[in-house]
Amino acid sequence: MRGRCLAALILSLAWPAGVTEARDLTVGSKAFTESVVLGEMIGHLARDAGAIVLHHRQLGGTRVLWDSLVLGEIDVYPEYTGTIANEILVGEGLEDEDAVRAALGARGIVMTRTLGFNNTYAIGMREGTAAKLGIETISDLRGHRDLAFGFGNEFMDRGDGWPSLRNRYRLPQRDVTGLDHDLAYRGLAGGSIDAIDVYTTDAAIEYYGLRLLEDDLGHFPVYNAVVLYRAELESSQPAVVAAIRRLEGLIDETAMSDMNAQVQHERLSETRVAADFVAEKLGLVAEVREQGWLAQLWRNTADHLVLVAISLSAALVISIPLGIVAARRRRLGQAILAVVGIIQTIPSLALFVFMIPLLGIGGPPAMMALFLYSLLPIVRNTYAGLSDVPPDLRESAEAMGLPPGARLRLVELPMAGRAILAGVKTSAVINVGTATLGALIGAGGYGQPILTGIRLDDVGLILSGAVPAALLALLVQGLFEIAERVVVPRGLRLKPVE
Amino acid sequence: MFDLKNVSKKFGDLVAIDDLDLDVEGGRTTVFIGPSGCGKSTLIRVLMGLIPPDLGMVRFEGTEVNAETAPLLRRKMGYVIQGGGLFPHLTAGENAALMARFLGRPRAETAARLIELATLVQLPEDALGRYPAQISGGQRQRVALMRALMLDPDVLLLDEPFGALDPIVRYRLQTDLRDIFRELGKTVVMVTHDIAEAGFFGDLLVLLRDGQVIQKGPIEQLVHAPAEAYVDEFISAQRTLLDCLEEVPE
Ligand SMILES: Nc1ncnc2c1ncn2[C@@H]1O[C@H](COP(=O)(O)OP(=O)(O)OP(=O)(O)O)[C@@H](O)[C@H]1O
Ligand SMILES: [Mg+2]
């Protein structure tokens, strides 16, 4: 709790305007177009009911959204009944909708009625391949053991995903790759993958000319779209709840895949598509404010810089002393080095998700994760730099009668300066790169356009995040080269005369 | 000045100093001499409290040297480590003035002292502004000596100050240094394994072997009244120019 207050304080001082502004409703959405469109729709309706709304778009996965909702980091997000039963509340043996509602209610969460469409999983193949092999149902796959499958990472892990599908249909295929869902489409189009998992409202079905295989054994559960929101909204903002509930039964499969296609293939913004839909269905006039690319670039740059600056400064303040302790106390030093080393091996998304219960979503958990990743290079180099001070120089300093603190300040740290700086430089460059993942938990930055670009298969958009991130890394590198001239004493940069 | 009683120091199984008693008198130059590895450097470190002895006691001007007293006592000792030990990130002048600066001595006073010492050790003044990497080996030794003399210590301890110098520089520095010691009248403890050098400097020679004192006395005594055969052996083991000439066939 203390950490959270501290983070909130730092945040309010440093986080770019827009995130800390007063707001009534925080919406979340998952990292795929349909969820973002639904999130925007919720936003339009809530704004129409007078609320100030913030939308954290394309957060990294069900776990991130659900944890955030339960913790109150977000108030509402679109979800699917199948995901709730098979993933979020898995293992609770919930038989029917009432049981699900009761289980959600116990956690302070309310589920709306279905929004009107069932977005379930399906297995899709290129029409041409499927026709040639005569595959119409999932059972038909059993006769073609050489087919290559590429499934989204989420599908690989889900309770109702690949493992149980394979068991249910006794599928023999061995060439099964887990990869990003949007990359799977490209593999399919390129021919390296024969079958993928798709959503039934997917815009890509039309676009890539996919045949959806019939789920002849009825394996996939129903994924009716619903909205989950925090129960307290009913008393605190009844008008907003009523507005959100206007979505119930409003959207059918065709309407949804239409909207998905408008975003994916006609390149309309989710905001625009959602606004057009509520205008047409509910006669609601939604204001669409779209940022120009320059404003967006600026915003992403500001977010990114704040992430890097805060996490890196904190890492500097903590890890140089840690490195000093490590060099002075051998035993403790080994322990410190082991711990910061282990932190480095935690996959970034996992670390980001660990931070959510402690720090919520957005900037603070991302900064904390980046801070932790920045420790190792600085601690290790400080330790190495100090340990490498030649023993005769250490003895000279001691023999002069300098006390330990003064020896450190006047002799050992300056001599280790180059090594320490190299560590900071490594940390900074890694930090700039890793910060792009912060977008997965709503921290913004250059990861935002990268995520959107991957989702929309838009190389230009990906580059609009990746290029500035690379330039920033180069800039940081350059700044540290300059800093080296200041920090590393001139006497250490000379070659001996003899 | 220094007074050692039953001092022993082991590194693991290796006995570096073996139950050693020694009196180092003030106002004179005492030279520790002996073969490589006999414990000369270790003995100097024990004198300064840089290494605590395993057994026995070291006193400096009547005060016991231990972890508590050593840091302050060391300000009355000037130490030139084997190899000089100059800090590469500081200029020659900054090296010499480091301790004075740390103690907050007035800048003008320190600057004047630097000039005075540079003159004494015959270091060109412009070398003060250069880094150790930019001056010659002999000059580095002179700077190391300046650094040791900066706070006007009661005693100077020098560990092979001429170790890595060529013969001409070495000869000049030896002469300069002896003049300086005479001029200052300081207590000097010096380490060498060169018998000629020991005789040149030392009022008193202390010949060591395996951490023990074999003989203690002026050079004449070691030459004319060796305490045991080893002393003779050690002295005659040092080849002189004349030996070389004698060996050349006619
Ligand atoms: N810190 C240490 N750890 C272990 N052994 C040491 C250490 N310091 C010295 N020794 C050993 O103790 C013995 C005495 O070393 P010392 O440095 O005093 O020799 P020295 O007489 O100064 O030799 P040299 O003339 O080569 O400088 C040597 O055998 C050396 O290897
Ligand atoms: Mg030695």
Side-chain angles (χ1 to χ4, degrees), chain A residues 320 323-324 327-330 381-424 480-498, chain B residues 41 44-45 47-51 67 69-104 127 129-140 144 147-148 150-151 153 157-159 164-166:
Chain A
I320 293 182
I324 293 171
R328 285 275 159 105
R329 310 266 308 268
R330 294 286 144 170
N381 278 36
T382 305
Y383 167 82
L386 289 176
S387 306
D388 285 350
V389 174
D392 57 329
L393 297 189
R394 227 186 287 253
E395 186 176 271
S396 273
E398 195 181 349
M400 290 170 92
L402 284 176
R407 295 207 292 270
L408 188 67
R409 184 165 50 84
L410 297 173
V411 176
E412 294 169 22
L413 281 178
M415 293 205 57
R418 187 197 293 267
I420 295 174
L421 199 69
V424 177
F480 278 103
E481 305 285 340
I482 295 170
E484 187 162 328
R485 311 217 156 270
V486 182
V487 173
V488 180
R490 206 168 87 79
L492 290 179
R493 286 183 268 121
L494 295 168
K495 296 265 173 289
V497 287
E498 290 164 343
Chain B
S41 297
I44 285 226
R45 293 190 176 110
L47 291 181
M48 301 193 68
L50 291 168
I51 298 180
T69 57
L72 273 180
L73 292 180
R74 276 185 216 133
R75 293 190 192 162
K76 297 193 210 167
M77 309 179 194
Y79 177 42
V80 178
I81 190 172
Q82 196 165 359
L86 293 186
F87 303 124
H89 64 292
L90 301 178
T91 62
E94 286 166 348
N95 258 287
L98 183 62
M99 197 60 201
R101 218 183 64 196
F102 170 73
L103 294 174
R130 286 194 248 137
Y131 289 94
Q134 298 171 311
I135 57 182
S136 74
Q139 288 173 330
R140 281 201 281 272
R147 189 170 70 177
M150 189 70 198
L151 297 183
L157 300 109
L158 306 108
D159 194 348
L165 302 178
D166 73 64

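- For B/N95, the part lying near chain A is the backbone, with the side chain staying farther off; criterion is any non-hydrogen pair under 4.5 Å.
- When heavy atoms are compared at a cutoff of 4.5 Å, A/R409 approaches chain B solely by way of its side chain, counted from C-beta outward.
- Inter-residue side-chain proximity for B/H89 and A/V411 is flagged as met; some heavy-atom pair is nearer than 4.5 Å.
- When each of A/P414, A/A397, A/G401 is checked for heavy-atom pairs under 4.5 Å with chain B, A/G401 comes out on top.
- Residues B/M150 and A/M400 have side chains not in contact (no heavy-atom distance under 4.5 Å, counting atoms from C-beta outward).
- For the pair A/E398 and B/R74, the minimum side-chain heavy-atom distance is below 4.5 Å.
- Atom CZ of residue A/R490 and atom OH of residue B/Y131 lie 5.5 Å apart, to the nearest 0.5 angstrom.
- Of the two parts of B/M99, the backbone and the side chain both hold a non-hydrogen atom closer than 4.5 Å to a non-hydrogen atom of chain A.
- The minimum heavy-atom distance between A/S396 and B/G84, with the atom names listed, is OG-O, 4.2 Å.
- Using a 4.5 Å heavy-atom cutoff, the side chains of A/L393 and B/P88 are in contact.
- If you measure heavy-atom distances from B/R101 to chain A, the contacts under 4.5 Å come from the side chain alone.
- Looking at B/L86, the atoms closer than 4.5 Å to chain A (heavy atoms on both sides) all sit in the backbone: N, CA, C or O.
- For A/D392 against B/I81, the heavy-atom pair with the smallest separation is O-CD1, 3.3 Å.
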